[in-house]
Amino acid sequence: MARYNAKESEKHWQSEWERHQLFKTPEHGDKPKCYVLEMFPYPSGRIHMGHARNYTMGDVIARFRRAQGYNVLHPMGWDAFGLPAENAARDKGVSPRDWTYENIAHMREGLKMLGLSLDWTREFATCDPEYYHQQQKLFLQFYKAGFVYRGEADVNWDPVDQTVLANEQVIDGRGWRSGAVVERRKLSQWFFKITAFAEELLAALDTLDQWPEKVRIMQRNWIGKSEGLKFQFTLSDGGKLDVFTTRPDTLFGASFVGLSPDHPLTQELAKTDLKLQDFIAECRKTGTAEAEIEKADKLGYDTGLTAAHPFDPNWKLPVMVANFVLMGYGTGAIFGCPAHDQRDLDFARKYGLSVIPVVVPSDADAKTFSVGTEAYVGPGKLANSQFLDGMTVEAAKAEVAARLEKAGIGERTVNYRLRDWLVSRQRPWGCPIPMVHCAKCGVVALKESDLPVLLPEKIDFSKSGNPLDRDLNWKNVTCPECGGPAHRDTDTLDTFADSSWYFARFCDPHAREPVNKDAADYWMPVDQYIGGIEHAILHLLYARFFTRAMNRLGLIGIQEPFAGMFTQGMVCHETYRDADGWVTPDEVVKEGGKAYRKDNHAPVEIGSSEKMSKSKKNVIAPETIIADYGADTIRWFMLSDTPPERDIEWTDAGAEGCWRFVQRVWRLVSTAEGLAPTGAKIPADLDEYSLGVRRVVHRRTAEITDHLQNLRFNRAVASIYELATLTGSLNEKHNGAVKREALEALVLLMAPMMPHLAEECWRALGHESFAAQAPWPQFDPGIIASNVANIPIQVNGKLRANMEIVIGTSQEEVLAKALAFDAIVRAMEGKPLKKIIYVPNRIVNIVV
RNA sequence: GCGGGCGUGGUGGAACUGGUAGACGCGCCAGACUCAAAAUCUGGUACCGCAAGGUGUGUCGGUUCGAUUCCGACCGCCCGCACCA
């Protein structure tokens, strides 16, 4: 018997599949449809283990559904605009376009080596002019429908490179290339009005029952609906100030009024207050990232103004500008109640403001209750609050709201944390925004007939700033309204826009409109979407928004793009380091649990397992593994052991184990003896010996089907191991047709996971057809059923004995048998029987 | 800071709606085959104990006849936070 040659076999079957166009999307027909999609990759140059994991899972679903008789759409494309291409262009002097398409070519080969059942005829890249042309049309339609508007937003500005920086390009407050201290600057930019859909996007989460609960929770929190009260303070200079609060009940605990540094009133005051200008400048040194702003030390500036308490005009609260008050949330102004909000408390302690507890927990005394360094945010009764004293938090909220509404200075409002989506990017490698700025007509939208706005052939990265802004040939145009001189918008769209509708485009990737409605009506929504948890919020929310906006425009019939969602975990590996820093796995040999350098045998420290990353040098390239063991081995590894939603650790030992299993299956099939011919009927009068085998085969078939339906790949793998062990134990005493049934079940059940090996085995079993086209094995519940059950017997919840009963044995009989066991008698000795619990056909528990 | 998640043998993990904790894989140990090694096959493997038995699912507490599973508090690690994708 020859060893299984994965390299040859995989190449052979991949070309056979392609020659017979097995994975070309079928015509609509009357079969049920199944749209399987994995998040398309950024073409970084090489596939990595994360891709291998993600695309293997999707491929298993696609192949499984095809076998079950579904029409399957399983496409692939490229999320091809973005920063890395610009960085490469700047560093290596290549064009971002060439760099990107070369990477795509490499990665396409890498993916093909995995044996994925993709319809490559539908492939596109978001940087294809054809794709971003359609995206520009969408932008114009969104604009006409009022889903796009112009507003101001902060950006990270690098004063040396004269450019806007992404958050990841800001390191410790400095530009990553120039090292210059980054400033926050305001720019006039384009926004998508996602907040118009806030309530819908929130409410519809409840309908997404095939999404992970944690993703829905994250989205819910991100949208951040809060019901609260907006009310007005009267200031000492006679002005009015609106604040928003979700805790009106704590109004008597107020000790200051906080203004955002970006609040219009702050800006107004700064005009005549140099120190405030300095303070605002200081606040702007903090980056634009929320985490950074909230982690920064609390800073405040006393404006000298005071605000009168709405229930006591003589009670004056200082009005302070505070760096932790965000302009984008509520009204950009708050009242601070230090006793019941941690940020306010930190701030109050720093600036010596009073801390008055007004909500007292039920087990504390109002007279002595005080707040130290930790704010009390739990439930309780109101105190120190005049007419609110003794009320619950909820009642007090309602009371304050009612009184302020009656006084005409307050209004109950709903507020969302969700902000509108800023889509302008000052970058040259993105989808150009199809707008023109005219001195006379202002901002003018292009006509559809003027599209596409193509990126310039050559993008000049030799100087600082945005290349599109400097390319006057490209930038200068005539105004579509008045024909006078005008210039293009030199910003491009956030690459999140590109990935917000590509799934709809795959339904007909070359349609003359963004979306072919007929095709989308058939294929959408995506039945199973798979991707990383890191996209749980933004990408999914933006895609949901796009789909709704397109729905309003009549471009698509559905509201929610992804019926089923699954987020897979990351791929990790041990890290190694020596005195000179990180060491790559292939520079290391391991002996007896210790690691050494291959070249000079110097000891290497083994570090924790972490997400594979270039920076920690703990990357294993899928191509290497495929070259050594083949695609089926890497696929099997990705599906084995670790539940798909959890992080997986790549280990050499595990890979070798998978490889051995590939060989074992091949040996089982190729050396099988005494099989009945293909298509042989199983005799009705089977002996118990062969019947027992059938029972297990059908039981495993049922299990594996169920596991795959629920994306429990690791469990399916475990069941296949058990099935393999069973087929290995078959001998000359077993019926030949039963043996064939067992082996064919093994091959077809593993086929979605190890498709190449399955084809080879299918041939070896005498079939001329493709395993990839064979129908999914069926199981017969009548064969699975067993008439005996094992019953554990416990005394006081502790296992003492086991017995076998015939299912349906009466309770009396079961208990009598249980009480007769030696071990039970011994365990009960000298203790009076209290009661017996019997769960039919499951367990007996004797309480003494 | 805010939000989300995870924690079970030497190791990855399994345990359906609260009902025998450790399926299956890796590793390790023993045996078979072999001149030998590799590969393969068979058996064993939570911990303590000769055994009877006892102890065990991050820690502490609670509910229950019975808790890995439900509740509360804590500890540790990981992810997201709007210009990375």
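Chain naming here is simple, since letters A, B, ... match the order of the sequence lines and numbering starts at 1 in each.
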*Worked check of side-chain hydrogen bond (donor to acceptor under 3.5 Å, both in side chains) between A:Q189 and A:D491*: CA-CA 9 Å; A:Q189 322 210 316; A:D491 289 348; 5.0 Å; no
Examine the base of [N] for any acceptor or donor lying under 3.5 Å from a partner atom in the side chain of [X], and report the outcome as yes or no.
| X | N | answer |
| --- | --- | --- |
| A:R427 | B:rC83 | yes |
| A:D641 | B:rG12 | yes |
| A:Q426 | B:rC83 | yes |

*Please determine, by modelled atom types, if A:S188 and A:E152 share a side-chain donor-acceptor pair under 3.5 angstrom.*
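No, no side-chain donor-acceptor pair sits under 3.5 Å.
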*Are A:R544 and A:Q219 linked by a side-chain donor-acceptor pair shorter than 3.5 Å?*
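Their side chains do contain a donor-acceptor pair, which is all the 3.5 Å distance test asks for.
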Name the closest nucleotide to the [X] side chain, picking from [options].
| X | options | answer |
| --- | --- | --- |
| A:R646 | B:rG13, B:rG4, B:rU20 | B:rG13 |
| A:D647 | B:rC65, B:rG12, B:rC78 | B:rC78 |
| A:Y721 | B:rG25, B:rU20, B:rA23 | B:rG25 |
| A:I843 | B:rU20, B:rG80, B:rG13 | B:rU20 |
| A:R664 | B:rC41, B:rA14, B:rC78 | B:rC41 |
| A:F496 | B:rA14, B:rG5, B:rA85 | B:rA85 |
| A:A718 | B:rC24, B:rA21, B:rG4 | B:rC24 |
| A:V847 | B:rC65, B:rG53, B:rA85 | B:rC65 |

Taking the [atom1] atom in each of [N] and [M], what is the distance between them to the nearest angstrom?
| N | M | atom1 | value |
| --- | --- | --- | --- |
| B:rG18 | B:rU63 | C1' | 11 Å |
| B:rC29 | B:rC77 | C1' | 33 Å |
| B:rG4 | B:rU59 | C1' | 22 Å |
| B:rG1 | B:rG19 | C1' | 44 Å |
| B:rA52 | B:rU68 | C1' | 28 Å |

Using a strict threshold of under 4.0 Å (side-chain N to carboxylate O), is an ion pair present between [Y] and [X]?
| X | Y | answer |
| --- | --- | --- |
| A:K186 | A:D154 | yes |
| A:D706 | A:R712 | yes |
| A:R53 | A:D647 | no |
| A:D262 | A:R284 | yes |

*Distance check: side-chain N/O of A:T495 vs OP1/OP2 of B:rA85, anything under 4.0 Å?*
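Checking A:T495 against B:rA85: at least one side-chain N or O falls below 4.0 Å of OP1 or OP2.
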*asked:* Please tell me if A:N714 has a side-chain N or O lying less than 4.0 Å from either OP1 or OP2 of B:rC24.
replied: no
*Using Watson-Crick pairs (N1 to N3, plus N6-O4 or O6-N4) and G-U wobble pairs, both distances under 3.5 Å, which stems of at least 3 pairs involve RNA chain B?*
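Stem segments, range with range: B:1-7 with B:75-81, B:10-12 with B:24-26, B:27-32 with B:40-45, B:46-48 with B:53-55, B:58-62 with B:70-74.
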*Report which part of the nucleic acid A:H539 touches: base, sugar-phosphate, or nothing (heavy-atom distance under 4.0 Å, all strands).*
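No contact.
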*Contact class for A:L418 (heavy atom, under 4.0 Å): base, sugar-phosphate, or nothing?*
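Since a base atom lies under 4.0 Å of A:L418, the category is base.
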*asked:* Ring-plane angle category for A:W421 and A:Y542, please: parallel below 30°, perpendicular beyond 60°, tilted otherwise.
replied: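 Ring orientation, 0 to 90° scale: parallel.
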*Glycosidic conformation of B:rG80, taking syn as within 90° of 0 and anti otherwise*: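 Judged by the O4'-C1' to base torsion, B:rG80 sits in anti, the angle falling more than 90° away from 0.
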*Do we get A:K225 above A:Y416's six-membered ring, with its NZ or CZ under 6.0 Å from the centre and within 45° of the axis?*
no
*asked:* To check you understand the geometry: which heavy-atom pair defines the closest contact between A:K350 and A:L299, and what is its length?
replied: NZ-CD2, 3.8 Å
*Residues from residues 80-91 of chain A sitting under 4.0 Å of RNA chain B, heavy atoms only?*
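Correct list: A:G82, A:L83.
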